[in-house]
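Contents: one structure, followed by commentary.
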Amino acid sequence: MPLNILLLADTHVPKRAKTLPAQVWAAVENADVVFHAGDWVTAGLLDEFEQRSRSVVGVYGNNDGPELRARLPETAAVILEDVRFAMVHETGQAKGREARCEQLYPDADVLVFGHSHIPWDSVSPRGLRLLNPGSPTDRRRQPACTYMTAVVDAGALVEVRLVEVHRDD
């Protein structure tokens, strides 16, 4: 049975936004599994994700303090329908990222990461898929705030989409 996946990072609540937009919460509630690649900022946001999502996989980021670091790992690994996911907040500079991540995550099929707020979707020579969903609250130099959705079906990651976040009125 296909699994609907939501990929988020760099929510920065309440520093960059008081709360997440309704569109993002709807995506959280509709996903089978939510990945959050760090920079939550408050443990209260993690609590809300745990209440509103079916399943959440998270890591801490560089802006996450002791309370979040006590509850979340620096890296996470999970297998969904035979697809091996790894997740970390930061992967370093863009140059050489694919080769570097192949060495760091040799057992992963997909690496989810954040930190830059810049969406990223690439495949390494070995076939590691690298995905950064951007940020749903702080677009920095990007044209829009974003997150990603995907489907895991029959042992493959399919239908990866970058979704633009529309501000609540």
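Just so it is clear, the model here is predicted, and its values are computed rather than measured. Side-chain atoms are counted along with the backbone in the values below, which use heavy atoms only and exclude waters and symmetry mates.
- Taking every heavy atom of both residues into account, A37 and G114 meet most closely at CB-N, 3.9 Å.
- Looking at N30, its side chain never comes within 3.5 Å of a backbone N or O of A27 through a donor-acceptor pair.
- With a 4.5 Å cut-off between side-chain heavy atoms of Ile, Leu, Val, Met, Phe, Trp and Tyr, the cluster of V33 takes in L3, I5, L7, F35, V57, V59, V78, L80, V83, F85, M87, V110, V112, L131, M148, V152, L157, V160, L162.
- Between the side chain of N4 and the backbone N or O of A31 there is no donor-acceptor pair closer than 3.5 Å.
- Using modelled atom types, one side-chain atom of Q23 and one backbone atom of H166 make a donor-acceptor pair closer than 3.5 Å.
- Grouping Ile, Leu, Val, Met, Phe, Trp and Tyr by side-chain contacts under 4.5 Å, direct or through others, puts F113 with V88, L104, Y105, L111, W120, L128, L130.
- Shown here are the side-chain contact (heavy atoms from CB on, under 4.5 Å) partners of D82, two or more places apart in sequence or in another chain: there are none.
- With contacts defined as side-chain heavy-atom distances shorter than 4.5 Å, the pair E29/S53 does not qualify.
- Taking each heavy atom of A9 and P133 in turn, the nearest pair found is N-CG, 3.7 Å.
- Between H115 and H89, the ring planes lie perpendicular to each other; the angle is over 60°, past the 30° to 60° tilted range.
- Contact detail for T146 and G134: the closest heavy-atom pair is OG1-CA, 3.5 Å.
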Residue pair H36, T11: steps toward the side-chain hydrogen bond (donor to acceptor under 3.5 Å, both in side chains) verdict:
CA-CA 9 Å; H36 191 301; T11 46; 2.9 Å; yes

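- Side-chain heavy-atom separations under 4.5 angstrom define the hydrophobic clusters, and the remaining members of the one that includes V158 are V151.
- Here the CD atom belonging to E74 is positioned 9.5 Å from the CD atom belonging to E90, to the nearest 0.5 angstrom.
- Chaining together hydrophobic side chains whose heavy atoms lie under 4.5 Å apart places L68 alongside L6, L8, V13, L20, V24, W25, V28, V34, W40, L45, L46, F49, V56, Y60, L72, Y147, V163, V165.
- With sequence neighbours excluded, the residues satisfying side-chain hydrogen bond (donor to acceptor under 3.5 Å, both in side chains) with N132 are S116.
- In terms of modelled atom types and a separation under 3.5 Å, the side chain of D39 and the main chain of N62 share a donor-acceptor contact.
- With values rounded to the nearest 0.5 angstrom, E98 atom CD is found 7.0 Å from S124 atom OG.
- In this structure the side chain of T19 never reaches within 4.5 angstrom of the side chain of P14, judged on heavy atoms.
- Within the structure, the salt bridge (Lys or Arg N to Asp or Glu O under 4.0 Å) test picks out the following pairs touching residues 40-50 (sequence neighbours left out): D47-R71, E48-R52, E50-R71.
- Evaluation of the side chain to side chain donor-acceptor pair (under 3.5 Å) test over residues 148-164, restricted to residues two or more places apart or in two chains, returns none.
- Nearest heavy atoms, G58 versus A76: O-CB, 4.3 Å.
- Among residue pairs with one or both ends in residues 99-120, those qualifying as salt bridge (Lys or Arg N to Asp or Glu O under 4.0 Å) are R84-D109; sequence neighbours excluded.
- Identified under the salt bridge (Lys or Arg N to Asp or Glu O under 4.0 Å) test for residues 112-140, with sequence neighbours left out: R16-D138, D121-R129, D138-R140.
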